[in-house]
Amino acid sequence: MKTPKELVAEMTLEEKCSLLSGSDFWHTQAIDRLGIPAVMLSDGPHGLRKQNDKADHLGVNESIKAVCFPAACASTASFDRTLVRRIGETIGDECQHEQVAVNLGPAINIKRSPLCGRNFEYMSEDPFLAGELASSLIQGTQSKHIGVSVKHFAANNQEHRRMSSDSVIDERTLREIYLPAFEAAAKKGKAWTFMCSYNKLNGEYASQHEELLTDILRKEWGFDGYVMSDWGAVSDRVRGVHAGLDLEMPGSGGVNDNLVLEAVKRGDLDEKDVDTCVERILTITKRYLDNAKPDTPWDLEKDHALAGALAADCMVLLKNENSILPFRPEEKVLVIGEFAVRPRFQGGGSSHINCSSVTSLMDALKDVPGVSYCQGYAIKDDQPSAALTEEALEAAKHADKVLIVAGLPDSFESEGYDREHMHMPYAQEQLISQVAKVNPNTVVLLYNGSPVEMPWVNEVKGIVEGYLAGQNVGYANRAVLYGEVNPSGRLPETFPVHLEDTPCYLSYGGEGNTAVYSEGVFVGYRYYTTKKQPVLFPFGHGLSYTRFSYSDLTLSAEAMKDTDTLQVSVKVTNTGDRAGKEVVQLYVAPQKSSVFRPVRELKGFDKVELAPGEEKTVTFTLDKRSFAYWNITLHDWHVDTGVFDIQICADAETVLLSAPVNVESTVRVPVKYDINSIMLDIMQDPKAYAVIRSTMDHATSALGTDGEQGEAASEAITEDMGLAMMKYMPLRGMVSFSGGQMTFDILKQLIDQMNQA
Ligand code: BGC
């Protein structure tokens with residue numbers, strides 16, 4: 001294939017326009033005359049969903065047999081870059097084998113509410129965690145010369161009205177919460193392609209949002225790949241081309257391509273815009289074609305085993321009273337729940353994999369002596385069945401321990417619609433409470449893509465969050481339940497007590513087509529920790545069968561400029577008697593701030609494996625971004641000069657070690673003073689304050705102590721009180737209260753000096 005530039009130069013306008021959309025559901029357009037083949041794109045994100053015929057994008061029709069890895073809700077719980085990269089690499093190899101040029105994922109929208117139907121496919125409520133792990137996945141897949149498509153760009157945080165809803169988000173919140181994971185995917189992951197979302201952002205469809213697709217993504221973040229539309233996300237194709245939407249998917253049968261053609265002919269669209277889109281598409285296509293390796297082997301069984309091994313490190317041990325887990329092989333364990341034989345391990349919609357094989361928990365337990373099973377409930381039923389309940393309760397009385405496998409049926413959460421509540425089916429909630437009454441040694445294993453309420457949380461001794469763990473779920477569950485693998489997952493999202501506790505409870509879903517993100521930056525743990533709102537399980541929580549202790553938190557400096565970096569190290573020791581993996585979490589907490597900020601935010605994490613008694617030193621590098629907030633005057637990241645605590649935490653709520661660092665800003669936020677500027681703001685700006693200081697001092701002392709009036713006043717108003725009151729006085733007050741000594745002319749001169757200071 002020639003270079004994209006050469007090819008564009010040789011094409012007719014008609015040919016160029018034809019490349020702007022897919023040839024069908026899953027392929028780009030070919031131009032035989034110029035030796036440009038069509039290449040295939042396939043979902044994504046936790047496996048390969050390659051459809052041959054009867055294409056559809058919602059998982060209705062069958063695709064080829066493939067391997068379903070843990071969904072993002074689970075893989076992110078690993079907090080493990082290497083693990084996630086491994087998934088990416090394996091999918092990359094599978095794509096090479098199947099001649100798929102781009103895998104449509106990762107999906108990295110922020111989990112704004114547990115109600116979003118697609119949370120199972122998304123990574124986290126925290127943008128740093130999502131961005132880091134997305135980058136690892138991207139690097140993994142792209143190391144195999146297969147592209148990814150980072151989706152859904154941007155602010156697609158609900159399924160409700162997903163194709164028409166307008167996400168209304170203020171600038172700071174957008175930059176701090178909803179964009180950084182995408183930013184990392186572009187800058188660190190170096191993603192080959194992005195997929196725009198269906199929704200509008202602040203009044204404009206993402207598919208024609210120039211600020212998003214060009215100014216931010218390309219000019220600011222340096223993205224050099226192509227942007228495709230989500231399937232059917234195009235509203236105005238001509239505007240889309242100008243805004244930076246290169247490829248429309250699926251093809252519109254040439255309808256939109258013709259509109260583009262006519263717009264160029266009319267002079268409404270610059271042909272250069274078309275050239276740019278085509279060149280970008282061809283650049284990525286060529287990158288794949290030059291490195292295509294269809295002879296890459298694909299061993300389904302090997303990948304099935306890998307999916308199980310990786311999933312084991314994603315399980316989160318939420319509760320383990322009296323060390324009820326791990327089960328011992330000699331114990332009589334009763335497993336209750338239809339999910340144990342018919343597991344739910346992936347979500348519904350476009351990510352749905354046609355699995356090469358599935359290992360349920362009961363499949364995985366078949367060689368374990370002492371294990372028995374009873375159904376307990378029917379997955380599809382919300383109401384309990386008297387017969388199934390009675391059978392389960394009777395059996396539970398005779399077991400040493402009971403494991404109830406419970407969770408959300410497919411109908412409760414899926415792409416395409418949101419949840420209305422956070423409950424599990426009533427039959428399962430009831431069963432857990434009843435079983436726990438007859439057998440106090442009850443453990444619950446959960447299959448769900450998003451948090452559930454747990455009215456029974458205090459009634460059971462153990463809880464394992466199994467999420468949607470992929471097709472080898474049974475192996476992963478058994479490994480953790482029986483201690484063959486020490487659990488090391490951590491929650492990538494908060495589990496609130498009630499739905500009503502969630503930060504966007506009052507506005508989630510929006511009114512009509514308008515969804516105002518009124519909670520601002522206080523999403524997930526940023527809200528719960530700042531408000532001290534009790535939760536069921538905090539972000540970052542997860543237990544182990546061993547214990548870890550932390551010591552020797554060391555910072556490379558006590559004070560730094562915002563242009564410097566800070567090295568942080570901490571020692572972690574496995575003080576228990578089993579090998580295990582620990583997730584070290586670093587948060588930054590500003591002691592003071594000029595804007596509303598969460599009490600702490602995750603700025604570093606690492607996963608380390610430690611043998612019993614072993615210790616390791618974990619190091620982190622923090623930079624300006626670790627301390628900064630998005631300043632809406634500068635339209636840039638900014639650090640307020642001040643003290644920040646560097647906190648090593650067990651989870652978002654629990655600080656284990658803390659050390660302060662003083663960070664000095666090198667950037668002054670420009671302020672324009674006028675007669676209505678108030679003293680408080682001026683007093684915080686040393687240079688401006690110096691200009692009016694003597695005048696101010698005079699005014700303050702006049703208020704507090706001077707003269708006859710002053711004496712009378714001093715009894716009622718001390719100097720401190722005078723100062724406190726002065727804080728809110730506008731500069732023009734100096735004229736009003738000076739008895740004619742201060743004039744507007746003098747004041748204006750002072751203001752000029754302040755503005756130049
Ligand atoms: C989904 C995308 C998916 C596409 C193709 C859309 O409905 O939102 O995530 O990649 O379909 O299946």
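As the structure lists them, so they are numbered: ligands from 1, and atoms in each ligand from 1.
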Original post:
Out of Asp230, Leu41, Asn156, Leu104, whose heavy atom sits nearest atom 8 (O) of ligand 1?
Top reply: Asp230
**OP:** Identify, by atom number and element, the atoms of ligand 1 in contact range of Arg49, meaning under 4.0 Å from any of its heavy atoms.
**Re:** 12 (O)
Original post:
Can a salt bridge be assigned to the pair Lys111 and Glu121 using a cut-off of 4.0 Å between side-chain N and carboxylate O?
Top reply: no
Original post:
In ligand 1, which numbered atoms sit nearer than 4.0 Å to a non-hydrogen atom of Met195?
Top reply: 10 (O)
Original post:
Is the ring centre of Phe522 less than 6.0 Å from the ring centre of Tyr527?
Top reply: no
Original post:
Would Lys16 and Asp275 pass as an ion pair if we require N to O under 4.0 Å?
Top reply: yes
Original post:
For ligand 1, which atoms have a heavy atom of Lys151 less than 4.0 angstrom away?
Top reply: 2 (C), 3 (C), 9 (O), 10 (O)
Original post:
Do other residues, nucleotides or ligands put more than 12 heavy atoms under 6.0 Å from the CD atom of Glu420?
Top reply: no
**OP:** Could you tell me if any non-hydrogen atom of Trp26 lies under 4.0 Å from any atom of ligand 1?
**Re:** yes
Original post:
Can you check whether Phe345 and Tyr467 have ring centres sitting under 6.0 Å from each other?
Top reply: no
Original post:
Going by the ring-ring contact (aromatic ring centres under 6.0 Å, His included) test, which pairs reach into residues 199-220, not counting sequence neighbours?
Top reply: none
Original post:
Which atoms from ligand 1 have a heavy atom of Glu415 less than 4.0 Å away?
Top reply: 1 (C), 6 (C), 7 (O), 8 (O)
Original post:
Looking only at N/O atoms, are Trp231 and ligand 1 under 3.5 Å apart anywhere?
Top reply: no
Original post:
Less than 3.5 Å between some nitrogen or oxygen of Glu121 and one of ligand 1, yes or no?
Top reply: no
**OP:** Of the side chain and backbone of Glu159, name the one, both, or neither that has a heavy atom under 4.0 Å from an atom of ligand 1.
**Re:** neither
**OP:** Using the ring-ring contact (aromatic ring centres under 6.0 Å, His included) rule, collect all pairs that involve residues 275-309, keeping only residues at least two apart or in two chains.
**Re:** His97-Trp298
**OP:** Measure Arg162 to ligand 1 on non-hydrogen atoms and call it side chain, backbone, both or neither using the 4.0 Å cut-off.
**Re:** side chain
